[in-house]
Amino acid sequence: MQEKVLLKNSHIIPNFLYKGLFGDKHKIVSVNLDDYNDKKFHQTGFKDKDILCADCDNGIIGKYERYASNTIFGDHKNLDIEIYNGDNIVVPYIRFKKLDYHQIKLFFLSILWKSHLSTNPFFKQIDLGKKYSEQIRQMLLNRDGGPEDCFEVVLVKPETKTRIVKSMVAPRRLKDHGNTTYIFHINEIMYHFNISSHNKMSMFNASIIKKDGIMDIAIVNGEFASGYFDSYIGKKIEVNQKNEQK
């Protein structure tokens, strides 16, 4: 096995996902939900050391990040997008079409995998274990997103003016009847990752990224969105009229 020098600074979450979160001094504030006085300021987002070599960070994973940055997180000028909000659907959603299934799915899985490797307390609940960590590592190296029903990823956008959805919240692990999922909230979007192959949440049967290049971002509104956000963070954090935390 070839030994490679590991980088001293690897981004866990790429900077373009923080767009709009930086303050006047180009810093992001993260708050410990168990202690509101524990605030940390990050100038370039979350980084870690000695987890990736340059080939993996800049070459393999960097390719997935550039693809995502230029498509779903880009200006959308050359992307096939439809917005569904008619009366005949249960939840409105944004549909992206003609995406590269492998690149876009592996982009999301790379965030999950790097979070597992990180020693930053912000990602302390992300623990894939040796089996799943190695499976995702091989998928990333081989540029293979695998079957649609393997490590599914679902995106949900809660739209509510009464919660701080334009924020970064520490990712959470949920276990239910032997099933494990991880949820990230990054800048108005919740990323749901299914890990287990049994007792999956119903959302993973309908909204996963498809091999035909279709990816949907479900939009939840109003009180349902507020409750959805509250259930994720485990408490109710409202916004007052001056957009400050209560």
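The model shown is predicted, which means the values in this text are computed figures rather than measured ones.
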| Partners meeting side chain to side chain donor-acceptor pair (under 3.5 Å) with Tyr182 (sequence neighbours left out) | none
| request: May I ask whether Ile94 and Met215 are part of the same hydrophobic cluster, defined by side-chain heavy atoms of I, L, V, M, F, W, Y residues being less than 4.5 angstrom apart, directly or through others? | output: yes
| field | Hydrophobic cluster membership, Ile208 vs Ile214, 4.5 Å side-chain cutoff | value | no
So, does [X] use its side chain to make a donor-acceptor pair with the main chain of [Y] at under 3.5 Å?
X	Y	value
Asn120	Phe122	yes
Asp216	Tyr93	no
Gln103	Tyr64	no
Ser69	Glu65	no

| query | Do Ile217 and Val156 pass the side chain to side chain contact (heavy atoms under 4.5 Å, CB included) test, and can you show the C-alpha distance, the side-chain angles, and the key distance before you say yes or no? | reply | CA-CA 5 Å; Ile217 300 180; Val156 178; over 6 Å; no
| query | Does any pair with a residue in residues 130-172 pass ring pair (Phe, Tyr, Trp, His ring centres under 6.0 Å), and if so which ones, sequence neighbours excluded? | reply | Tyr132-Phe151
| remark: Quick note, ring pair (Phe, Tyr, Trp, His ring centres under 6.0 Å) partners involving residues 199-227, not counting sequence neighbours, are none
| said: As a quick check of understanding, evaluate side chain to side chain contact (heavy atoms under 4.5 Å, CB included) for Ile195 and Thr181, giving each step before the final call. | reply: CA-CA 6 Å; Ile195 303 301; Thr181 60; over 6 Å; no
By ring-ring contact (aromatic ring centres under 6.0 Å, His included), which residues pair with [X], not counting sequence neighbours?
X	answer
Phe123	Phe46
Phe107	Phe16
His185	Phe229

| Should Glu152 and Lys200 count as an ion pair when the cut-off is N to O under 4.0 Å? | yes
With sequence neighbours left out, write down each residue that passes side chain to side chain contact (heavy atoms under 4.5 Å, CB included) with [X], or none if nothing qualifies.
X	result
Ser196	Asn179, Thr180, His198
Lys131	Gln135
Asp176	none
Ser226	Thr160, Thr162, Arg163

Taking the side chain as C-beta and beyond, is there a heavy-atom pair between [X] and [Y] under 4.5 Å?
X	Y	answer
Phe184	Ile126	yes
Ile186	Met168	yes
Asn221	Pro158	no
Leu155	Phe108	yes

Please tabulate, one pair per line, all N/O donor-acceptor pairs under 3.5 Å involving side-chain atoms of residues 141-150, not counting sequence neighbours.
residue: Asn142; atom: ND2; partner: Gln138; partner atom: O; Å: 3.0
residue: Asp144; atom: OD1; partner: Gly146; partner atom: N; Å: 2.9
residue: Glu148; atom: OE2; partner: Lys211; partner atom: N; Å: 2.7

Working to the nearest 0.5 angstrom, can you tell me the gap between [X] [atom1] and [Y] [atom2]?
X	Y	atom1	atom2	answer
Ser118	Ile12	OG	CD1	4.0 Å
Leu174	Ile183	CG	CD1	4.0 Å
Ile189	Ile72	CD1	CD1	7.5 Å
Met190	Arg172	CE	CZ	10.0 Å
Ser133	Asp127	OG	CG	9.0 Å

| field | Non-neighbouring partners of Glu134 that pass salt bridge (Lys or Arg N to Asp or Glu O under 4.0 Å), sequence neighbours left out | value | Arg137
| message | Does Val220 form a side chain to side chain contact (heavy atoms under 4.5 Å, CB included) with Glu159? I'd like the steps, not just the answer. | response | CA-CA 6 Å; Val220 293; Glu159 294 186 344; over 6 Å; no
Shortest non-hydrogen contact from [X] toward [Y]:
X	Y	value
Thr71	Leu99	CB-CD2, 4.2 Å
Lys98	Tyr67	O-OH, 4.3 Å
Leu17	Asn187	O-ND2, 3.2 Å
Tyr228	Ser231	O-OG, 2.7 Å

| Whether Phe73 and Tyr191 hold their rings parallel, tilted or perpendicular, with breakpoints at 30° and 60° | tilted
| query | Knowing that exactly one of Leu106, Asn194, Leu109, Ile111 qualifies, which makes a side chain to side chain contact (heavy atoms under 4.5 Å, CB included) with Val153? | reply | Leu109
